[in-house]
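Comments concern the structure below.
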Amino acid sequence: MNNALAQSTEWITVPDAAELLNVPLGKVHRLIEENELFVLRIDGVKKMPAEIIVGGEPLASLKGTLSVLIDSGFSLEGAIDWLYEPDDTLPGTPMQALVEGRKTEIRRRAQMTWRERAS
C-alpha cells in the first residue's frame, strides 16, 4: 500500500466522504463494502484519497476497475497498490488515468497484467 500513500496528496476521512457525497455515514460504509470507494488505515484512522470522489459522486470507473483487478487474482490491497504504481508509459499512475477518464485503457492494462501473471 506504499504506492497509494506515496502518490495520493489529499486524504479524507469517512465522515468527510459522507459530507462530500451528501449521504449518511452508513451509505459510505456500503460504498466501501461494494468497492465503489476504498479506505486505508493511516495512523489508525480510515481514510481515502480525495480523488476517488469526483463531482459529489464516487469515481465511476473505480468499482469496475477494482473488479477486473480482483477477478485477475489481486487482493483489494494489491489492486489499490497497482492503481497507484507509477507507470512511465501513461505517464503517471493508473489512478491518475482513471480520474482523467481513461477507463478503457486502464482496464485493458489490468487485463494484460492478469494474463502476464497467469503465464
Side-chain angles (χ1 to χ4, degrees):
M1 294 280 220
N2 294 334
N3 290 334
L5 293 175
Q7 297 296 322
S8 186
T9 57
E10 184 181 353
W11 292 88
I12 59 173
T13 64
V14 173
D16 292 338
E19 188 174 316
L20 284 172
L21 295 166
N22 197 28
V23 298
L25 200 53
K27 173 71 174 173
V28 175
H29 289 290
R30 280 190 298 283
L31 291 170
I32 293 166
E33 288 170 10
E34 296 167 357
N35 290 335
E36 291 191 46
L37 298 172
F38 65 83
V39 292
L40 302 177
R41 208 170 270 284
I42 301 172
D43 297 327
V45 177
K46 290 182 181 179
K47 293 187 178 182
M48 65 186 72
E51 70 252 22
I52 66 174
I53 297 177
V54 178
E57 298 287 331
L59 178 63
S61 57
L62 182 61
K63 181 180 182 176
T65 304
L66 284 174
S67 292
V68 168
L69 289 164
I70 291 167
D71 289 349
S72 298
F74 282 88
S75 64
L76 177 59
E77 294 79 16
I80 294 166
D81 206 37
W82 184 87
L83 286 169
Y84 283 92
E85 180 72 34
D87 185 334
D88 293 338
T89 65
L90 284 173
T93 66
M95 180 57 79
Q96 287 170 320
L98 284 180
V99 170
E100 293 167 1
R102 296 167 33 209
K103 167 182 80 173
T104 304
E105 175 184 3
I106 298 309
R107 289 192 184 163
R108 181 183 50 78
R109 287 172 182 252
Q111 290 171 334
M112 286 176 30
T113 299
W114 172 78
R115 288 187 194 110
E116 291 168 3
R117 291 177 69 167
S119 11

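Hydrogens, waters and symmetry mates play no part in the numbers below; they use all other heavy atoms, side chains included.
The shortest non-hydrogen separation linking A18 to V28 is CA-CG2, 3.5 Å. The two residues S72 and A110 come nearest to each other via the heavy atoms OG-O, 4.2 Å. In this structure, E36 and L62 approach most closely via the heavy-atom pair O-CD2, 3.5 Å. Of all heavy-atom pairs between T65 and R107, the closest is OG1-NE, 3.0 Å. Scanning both residues, L21 and G56, for their nearest heavy atoms gives CD2-O, 3.4 Å. When every heavy atom of L31 is checked against every heavy atom of P58, the shortest pair comes out as CD1-CG, 4.1 Å.
Interatomic distance, N35 CG to K63 NZ, rounded to the nearest 0.5 Å: 8.0 Å. To the nearest 0.5 Å, the span separating CD1 on I80 from CD on E85 amounts to 14.0 Å.
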**Request:** Run the numbers on M48 and I53 for side chain to side chain contact (heavy atoms under 4.5 Å, CB included), then give the verdict.
**Result:** CA-CA 9 Å; M48 65 186 72; I53 297 177; 4.2 Å; yes

**Working for side chain to side chain contact (heavy atoms under 4.5 Å, CB included), residues L40 and W11** = CA-CA 10 Å; L40 302 177; W11 292 88; 3.4 Å; yes

**Asked** When you look at Q111 and V68, which way does the side chain to side chain contact (heavy atoms under 4.5 Å, CB included) test go after all the steps?
**Response** CA-CA 7 Å; Q111 290 171 334; V68 168; 3.8 Å; yes

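In terms of hydrophobic clustering, with Ile, Leu, Val, Met, Phe, Trp and Tyr side chains grouped at heavy-atom distances under 4.5 Å, I12 and V45 are assigned to different clusters. Put simply, I42 and I52 are part of the same group of oily side chains (I, L, V, M, F, W, Y) that touch within less than 4.5 Å, one to the next.
The closest side-chain heavy-atom distance from T13 to K46 is not below 4.5 Å. Inter-residue side-chain proximity for V14 and L37 is flagged as unmet; no heavy-atom pair is nearer than 4.5 Å.
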Pairs of donor and acceptor atoms involving the side chains of residues 87-95, under 3.5 Å and at least two apart or interchain, shall be tabulated with distances.
| residue | atom | partner | partner atom | Å |
| --- | --- | --- | --- | --- |
| D87 | OD1 | T89 | N | 2.8 |
| D87 | OD1 | T89 | OG1 | 2.5 |
| D87 | OD2 | T89 | OG1 | 3.4 |
| D87 | OD2 | R109 | NH1 | 2.9 |
| T89 | OG1 | R109 | NH1 | 2.8 |
| T89 | OG1 | R109 | NH2 | 3.3 |
| T93 | OG1 | M95 | N | 3.4 |
| T93 | OG1 | Q96 | N | 3.1 |

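Few gaps surround CD on E34; more than 12 heavy atoms of other groups in view lie less than 6.0 Å from it.
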